[in-house]
Amino acid sequence: MMKVCCENCFNYKPFKKYIQEKGTVDNCSFCTSQGVRTIDVQDSFFARNMSIFGEKFRANDSGFELERFFTKQIDLLSIALSSTVAKELLYELFRESIGRELLNGKFSVKLEDDIINTWNSFKENINMVIGLVSELTLT
């Protein structure tokens with residue numbers, strides 16, 4: 001069964017905008033919002049944009065849990081998601097680059113400067129791509 005996420009699952013504006021523009025009206029598999037714009041978590045948009053983080057995470061008992069990192073540190077996921085739901089969404093988004101054991105609380109990640117730098121670079125790139133797509137659709 002296809003799992004879909006919606007704009008309410010995210011705080012990050014470019015993700016919300018992508019879902020608003022490309023999504024279809026359905027019920028969210030994660031936050032349970034009904035009749036909202038949703039998109040398949042296997043959409044290539046997520047695979048392209050989330051894979052840059054996959055190799056950055058290492059087991060480290062003094063680091064952060066992934067769910068906490070993406071919710072509170074870099075503000076990607078909505079804080080309205082329960083910890084369990086946020087972990088499941090992250091697992092689906094990172095399905096090819098992160099093992100489930102990192103999301104089950106057995107490991108944590110060490111917050112490293114290169115992760116934040118990668119995120120900031122990603123934000124700049126995605127904003128530029130969305131701007132170009134918007135310009136192309138307006139012409």
Colleague: Is any side-chain heavy atom of Tyr12 less than 4.5 Å from a side-chain heavy atom of Asp75?
Modeller: no
Colleague: Pick out which of Thr38, Ile39, Val36 makes a side-chain contact (heavy atoms from CB on, under 4.5 Å) with Cys5.
Modeller: Ile39
Colleague: What class does the angle between the rings of Phe10 and Phe46 fall in, given that below 30° is parallel, 30 to 60° is tilted and above 60° is perpendicular?
Modeller: parallel
Colleague: Starting at CG of Leu93, measure out to CG of Leu76 and round the result to the nearest 0.5 Å.
Modeller: 7.5 Å
Colleague: What verdict does the side-chain contact (heavy atoms from CB on, under 4.5 Å) test give for Phe30 and Val41, after you've listed the backbone C-alpha separation in whole Å, the side-chain angles of each residue and the deciding distance to 0.1 Å?
Modeller: CA-CA 10 Å; Phe30 297 94; Val41 291; 3.5 Å; yes
Colleague: Go through Phe70 and Phe94 one step at a time and tell me if the side-chain contact (heavy atoms from CB on, under 4.5 Å) criterion holds.
Modeller: CA-CA 12 Å; Phe70 280 100; Phe94 282 112; 3.5 Å; yes
Colleague: Judged by atom type as modelled, is there a donor-acceptor pair below 3.5 Å linking the side chain of Arg37 to the main-chain atoms of Ile19?
Modeller: no
Colleague: Closest heavy-atom contact between Cys31 and Val85?
Modeller: N-CG1, 4.5 Å
Colleague: From Lys13 NZ over to Gln20 CD, what is the distance, rounded to the nearest 0.5 angstrom?
Modeller: 11.0 Å
Colleague: Classify the ring geometry between Tyr18 and Phe45 as parallel (under 30°), tilted (30 to 60°) or perpendicular (over 60°).
Modeller: parallel
Colleague: If you round to the nearest 0.5 Å, how far is NZ of Lys22 from CG of Asp40?
Modeller: 15.0 Å
Colleague: Could you walk me through whether Thr32 and Asn27 satisfy the side-chain contact (heavy atoms from CB on, under 4.5 Å) test, starting with their C-alpha distance in whole Å, then the side-chain angles of each, then the deciding distance to 0.1 Å, before giving a yes or no?
Modeller: CA-CA 6 Å; Thr32 67; Asn27 298 331; over 6 Å; no
Colleague: The test is salt bridge (charged side-chain N to carboxylate O under 4.0 Å, His left out); show your working for Lys3 and Glu92 and say whether it passes.
Modeller: CA-CA 9 Å; Lys3 291 186 178 184; Glu92 294 295 333; 3.5 Å; yes
Colleague: Starting at CD of Glu88, measure out to OG of Ser83 and round the result to the nearest 0.5 Å.
Modeller: 11.5 Å
Colleague: Only one of Asn11, Thr71, Leu89 clears side-chain contact (heavy atoms from CB on, under 4.5 Å) with Ser78; which?
Modeller: Asn11
Colleague: I need the minimum non-hydrogen distance between Leu81 and Cys9, along with the two atoms involved.
Modeller: CD1-O, 3.5 Å
